[in-house]
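As the structure is a computational prediction, the values presented were derived from the model and not from experiment.
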Amino acid sequence: MHSLLLFSFIVLIQCSTNANIENLEPSQETINRVKNRTVILHYHISDYAKGTGLLLDENGHVLTTKHVILGWEDRVRISQDSKTFYDAKVILDEPKLDLVILKTNLKVKVPLLTMVDRSELKYNQPVFSIGSPWGLGNSFLKGYIANTDRTGVDSIMPNVPLIQTMGASFPGCSGAGVFLTDGRFIGINRATVGIEPGNSSGLVIPAGYIKTFLKLSNIAI
């Protein structure tokens with residue numbers, strides 16, 4: 001009897017441990033879903049990746065950060081492979097949140113975003129994104145949450161409690177969606193802190209602010 005109880009206890013521990021290990025990594029299906037809704041931002045006729053964006057729906061609406069396209073708003077193109085390009089037009093922006101919505105002719109079916117409120121996030125919680133670090137589009141980036149309230153560190157939005165991540169942000173990743181390993185959306189990458197090569201500390205605009213912004217656009221999310 002004691003041996004049976006001991007065996008059952010060991011099995012429970014192993015199952016729990018395996019589940020925790022699996023939760024640290026997004027499944028390939030989850031990665032593919034995020035990749036399918038990620039776009040690369042290009043300047044005019046260049047195929048170089050200038051930044052990243054997030055496809056909101058199958059009607060070609062793309063969410064990204066405004067500073068990525070600042071100064072060349074009328075010459076933005078997007079792609080998913082740096083080969084097939086689509087013109088993009090700004091239809092809504094919010095400078096105080098550094099957010100902008102682009103309208104393109106890209107037709108890709110994507111599921112509704114499942115958003116996670118910042119209050120539900122925890123230190124050391126694993127996150128990932130698909131970005132364009134150093135101009136390398138469609139790059140898988142994995143990291144963790146380092147802080148859930150970086151209020152006051154960004155002069156453009158001093159009152160916004162930005163989420164700090166480590167490992168998932170480099171130059172070129174502004175505008176990329178950031179996700180938990182189960183595919184839930186926590187926000188848009190705003191910037192990489194510092195400019196030193198190899199630095200990977202990012203600031204993320206929380207999903208709650210994204211949700212409020214998108215309500216102005218009448219885009220179903």
Side-chain angles (χ1 to χ4, degrees), residues 37-43 49-57 59-78 88-104 112-121 127 129-133 143 145-166 168-180 184-195 199-221:
R37 74 186 313 148
T38 298
V39 302
I40 304 166
L41 303 181
H42 304 271
Y43 171 74
K50 296 282 288 184
T52 312
L54 191 70
L55 195 60
L56 295 172
D57 57 24
N59 295 316
H61 292 105
V62 171
L63 175 68
T64 187
T65 45
K66 183 175 174 64
H67 76 267
V68 172
I69 64 170
L70 192 63
W72 48 286
E73 294 92 338
D74 60 338
R75 288 161 286 178
V76 182
R77 295 192 305 164
I78 68 156
K89 178 183 178 181
V90 176
I91 62 169
L92 183 68
D93 70 335
E94 177 46 78
K96 292 182 179 179
L97 287 176
D98 190 31
L99 293 173
V100 63
I101 295 178
L102 307 173
K103 181 67 173 69
T104 76
L112 296 178
L113 281 173
T114 301
M115 299 193 179
V116 180
D117 189 80
R118 184 180 61 85
S119 63
E120 299 178 43
L121 303 177
V127 296
S129 68
I130 306 292
S132 304
I145 292 173
N147 195 288
T148 58
D149 187 352
R150 287 300 185 193
T151 304
V153 301
D154 193 315
S155 59
I156 291 180
M157 49 186 82
N159 298 317
V160 176
L162 299 169
I163 302 162
Q164 180 190 350
T165 62
M166 295 297 296
S169 180
F170 296 89
C173 293
S174 291
V178 183
F179 297 82
L180 297 179
R184 291 182 296 161
F185 174 75
I186 72 165
I188 287 289
N189 198 60
R190 150 82 173 135
T192 300
V193 183
I195 59 173
N199 179 27
S200 66
S201 184
L203 297 174
V204 177
I205 304 169
Y209 287 81
I210 306 291
K211 189 173 184 178
T212 299
F213 169 65
L214 291 180
K215 284 182 179 178
L216 301 175
S217 69
N218 296 318
I219 297 173
I221 54 170

Over all atoms of both residues, closest heavy-atom pair of [X] and [Y]:
| X | Y | result |
| --- | --- | --- |
| Asn147 | Asp149 | OD1-N, 2.7 Å |
| Met115 | Ala207 | SD-O, 3.6 Å |
| Ala191 | Ser169 | O-OG, 3.6 Å |
| Arg118 | Pro206 | CD-CG, 4.0 Å |
| His67 | Asp98 | ND1-OD2, 2.6 Å |
| Thr65 | Gly175 | OG1-N, 3.4 Å |

Counting N and O atoms only, with roles assigned by atom type, does the side chain of [X] sit under 3.5 Å from a partner on the main chain of [Y], one being a donor and the other an acceptor?
| X | Y | answer |
| --- | --- | --- |
| Ser174 | Gly51 | no |
| Lys66 | Lys96 | no |
| Thr52 | Ser132 | yes |
| Arg37 | Leu55 | yes |
| Thr192 | Phe170 | yes |

Nearest 0.5 Å, what's the [atom1]-[atom2] distance between [X] and [Y]?
| X | Y | atom1 | atom2 | value |
| --- | --- | --- | --- | --- |
| Leu113 | Phe179 | CG | CZ | 6.0 Å |
| Arg150 | Leu203 | CZ | CG | 8.5 Å |
| Arg184 | Asp117 | CZ | CG | 11.0 Å |
| Ile101 | Leu214 | CD1 | CG | 5.0 Å |
| Ile188 | Thr64 | CD1 | OG1 | 7.0 Å |
| Ile145 | Thr165 | CD1 | OG1 | 8.5 Å |

Original post:
Would you say the side chain of Ile69 lies within less than 4.5 Å of the side chain of Leu102, judging by non-hydrogen atoms?
Top reply: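 When only atoms from C-beta onward are counted, Ile69 and Leu102 do touch, with a gap below 4.5 Å.
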Original post:
Any side-chain heavy atom of Val153 sitting closer than 4.5 Å to one from Gln164?
Top reply: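 Not in contact.
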**OP:** Show your reasoning for whether side chain to side chain contact (heavy atoms under 4.5 Å, CB included) applies to Leu99 and Ile210.
**Re:** CA-CA 8 Å; Leu99 293 173; Ile210 306 291; 3.7 Å; yes
Original post:
Can you check side chain to side chain contact (heavy atoms under 4.5 Å, CB included) on Val127 and Val204, steps first, answer last?
Top reply: CA-CA 11 Å; Val127 296; Val204 177; over 6 Å; no
Original post:
How far apart are the C-alpha atoms of Glu94 and Thr212, what are their side-chain angles, what is the distance that settles it, and do they pass the side chain to side chain contact (heavy atoms under 4.5 Å, CB included) test?
Top reply: CA-CA 11 Å; Glu94 177 46 78; Thr212 299; over 6 Å; no
**OP:** Taking atom NZ of Lys50 as the centre, report whether more than 12 heavy atoms of other residues, nucleotides or ligands fall under 6.0 Å from it.
**Re:**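 No.
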Original post:
Among side-chain atoms of Ser217 and His61, is any donor-acceptor pair under 3.5 angstrom?
Top reply: no
Original post:
What's the verdict on side chain to side chain contact (heavy atoms under 4.5 Å, CB included) for Phe213 and Ile205, showing C-alpha distance, side-chain angles and the deciding distance?
Top reply: CA-CA 11 Å; Phe213 169 65; Ile205 304 169; over 6 Å; no
